[in-house]
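The structure appears below as structure tokens.
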Amino acid sequence: MAGSIAVRDEGRYYNRFYIVYPDETFRTYDKKHLFTYGGEHAHFTAGRQRTVVEYMGMRILLQICYDLRFPVWSRNLKDYDLALYVASWPTSRLDAWLALLRARAIENQCYVAGVNSVGHDPACEYNGGTLMIDPYGRTMAACEPGKVGAVTVETDRAGLDEFRQKFPVLDDADRFTLSI
């Protein structure tokens with residue numbers, strides 16, 4: 001089970017992603033990039049650390065919504081196989097959501113799962129756009145737009161490793177460090 005919620009921790013608020021394993025242990029990630037345009041920076045504290053978890057042989061990078069617009073933050077340092085984005089991405093910017101998810105899959109030679117809200121709140125309408133993309137940027141499965149749903153996808157870790165070996169893009173990536 002995975003998703004993000006607002007939490008208060010030591011007097012500060014965070015948009016925190018929880019991934020809970022079947023044995024009820026969990027890991028967390030605090031959203032790094034706060035959505036200033038929507039005022040998020042006035043209420044929340046930015047996270048300072050990337051989180052990569054492992055589940056069923058896949059290394060998974062946890063990301064929240066606006067983080068998607070910052071490719072340096074999600075750069076694959078050969079430390080993950082799947083990037084998992086949870087979001088409340090509005091319908092008006094759905095084309096950007098889909099394009100950026102594809103870009104992250106292609107540039108990082110990884111699977112990308114984008115899980116987006118459906119419905120509306122006082123500020124926005126959400127039309128979903130939940131899907132799974134392969135390392136080539138192709139949609140593997142998607143939920144029906146505008147409807148709550150779920151998809152199940154089988155990933156191919158051996159095939160991913162073979163692709164990365166055959167076309168070693170990550171070996172040529174720029175080397176840099178992030179200062180936070």
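Heavy-atom basis, side chains included; hydrogens, waters and symmetry copies ignored.
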Output every pair passing salt bridge (charged side-chain N to carboxylate O under 4.0 Å, His left out) with a member in residues 139-151, not counting sequence neighbours, ordered by first then second residue.
-> Glu144-Lys147

Roughly how far apart are His43 NE2 and Asn15 CG, rounded to 0.5 Å?
-> 13.0 Å

Are the side chain of Asn116 and the backbone of Thr130 linked by a donor-acceptor contact shorter than 3.5 Å?
-> no

Transitively linked via ILVMFWY side-chain contacts under 4.5 Å: Ile60 with Phe26?
-> no

Given side chains that start at C-beta, do those of Glu162 and Asp156 come closer than 4.5 Å, heavy atoms only?
-> no

Backbone of His41 reached by a side-chain donor or acceptor of Thr36 within 3.5 Å = no

Salt bridge (charged side-chain N to carboxylate O under 4.0 Å, His left out) contacts in which one or both residues fall within residues 13-27, not counting sequence neighbours = Asp9-Arg16, Arg16-Asp30

Parallel, tilted or perpendicular, as decided by the 30° and 60° cut-offs, for the rings of His33 and Tyr66 | perpendicular

Closest heavy-atom pair, Gly137 versus Arg102, reported as atoms and distance to 0.1 Å, is O-NH1, 3.1 Å

Treating Ile, Leu, Val, Met, Phe, Trp and Tyr as nodes and any side-chain heavy-atom pair under 4.5 angstrom as an edge, say whether Val115 and Trp89 lie in one connected cluster.
-> no

Remaining members of the apolar cluster that contains Phe44, side-chain heavy atoms under 4.5 Å = Tyr13, Leu34

Same cluster (ILVMFWY, side-chain, under 4.5 Å), Val53 and Phe17 = yes

Closest contact, heavy atoms only, Leu160 versus Cys110 | CD1-CA, 4.4 Å

Val72, Tyr29: one ILVMFWY side-chain cluster at the under-4.5 Å cut-off?
-> yes

Are Val86 and Phe70 linked, directly or through other ILVMFWY residues, by side chains that come within less than 4.5 angstrom of each other?
-> yes

Could you check Leu68, Ile64, Leu62 and say which one makes a side chain to side chain contact (heavy atoms under 4.5 Å, CB included) with Tyr85?
-> Leu68

Partners passing ring-ring contact (aromatic ring centres under 6.0 Å, His included) against Tyr14 (at least two apart in sequence or in another chain) = none

Kindly compute the distance separating OG1 (Thr45) from CD (Glu10), expressed to the nearest 0.5 Å.
-> 11.0 Å

Heavy-atom pair with the smallest gap, counting every atom of Ser74 and Arg50 | C-NH1, 3.7 Å

Where at least one partner belongs to residues 106-132, residue pairs that pass salt bridge (charged side-chain N to carboxylate O under 4.0 Å, His left out), sequence neighbours excluded = Arg104-Glu107

Residue pairs involving residues 67-77 (criterion salt bridge (charged side-chain N to carboxylate O under 4.0 Å, His left out); sequence neighbours excluded) = none

Residue list, side-chain hydrogen bond (donor to acceptor under 3.5 Å, both in side chains) with Ser117, at least two apart or on another chain | Ser88

Student check: side-chain heavy atoms of Lys31 and Ser4 closer than 4.5 Å | no

Report, one line per pair, each donor and acceptor closer than 3.5 Å where one atom sits in a side chain of residues 93-100; sequence neighbours left out.
unit_1: Trp97; atom_1: NE1; unit_2: Gly129; atom_2: O; d: 2.9

From Met140 atom CE to Ile133 atom CD1, the distance as rounded to the nearest 0.5 Å | 10.5 Å

Side-chain touch Leu131/Val151, heavy atoms, less than 4.5 angstrom | no

4.5 Å side-chain heavy-atom contact, Met56 and Thr155 | no

Pairwise side-chain contact, Val153 with Tyr111, heavy-atom cut-off 4.5 Å (strictly under) = no

Quick one: ring pair (Phe, Tyr, Trp, His ring centres under 6.0 Å) pairs with a partner in residues 115-169, sequence neighbours left out?
-> Tyr136-Phe163

side-chain hydrogen bond (donor to acceptor under 3.5 Å, both in side chains) against Asp81, all qualifying residues, sequence neighbours excluded | Arg59, Arg157, Arg164

Of all heavy-atom pairs between Gly149 and Cys143, which one has the smallest distance, and what is that distance?
-> C-SG, 3.5 Å

If the plane angle is over 60° it's perpendicular, under 30° parallel, otherwise tilted; pick one for Tyr55 and Tyr21.
-> tilted

Return the minimal non-hydrogen interatomic distance between Lys32 and Gly47, and the atom names on each side.
-> CD-O, 3.3 Å

So which heavy atom on Lys78 is nearest to which on Asn76, and how close?
-> N-OD1, 2.8 Å

Which residues satisfy the salt bridge (Lys or Arg N to Asp or Glu O under 4.0 Å) test with Asp174, sequence neighbours excluded?
-> none

Using links of under 4.5 Å between side-chain heavy atoms of ILVMFWY residues, direct or through other members, which residues join Leu61 in one cluster?
-> Val52, Tyr80

Say you draw a straight line from CE of Met132 to CG of Leu101; how long is it, rounded to the nearest 0.5 Å?
-> 11.5 Å

State the CG-CD distance between Leu170 and Gln109, to the nearest 0.5 angstrom.
-> 4.5 Å

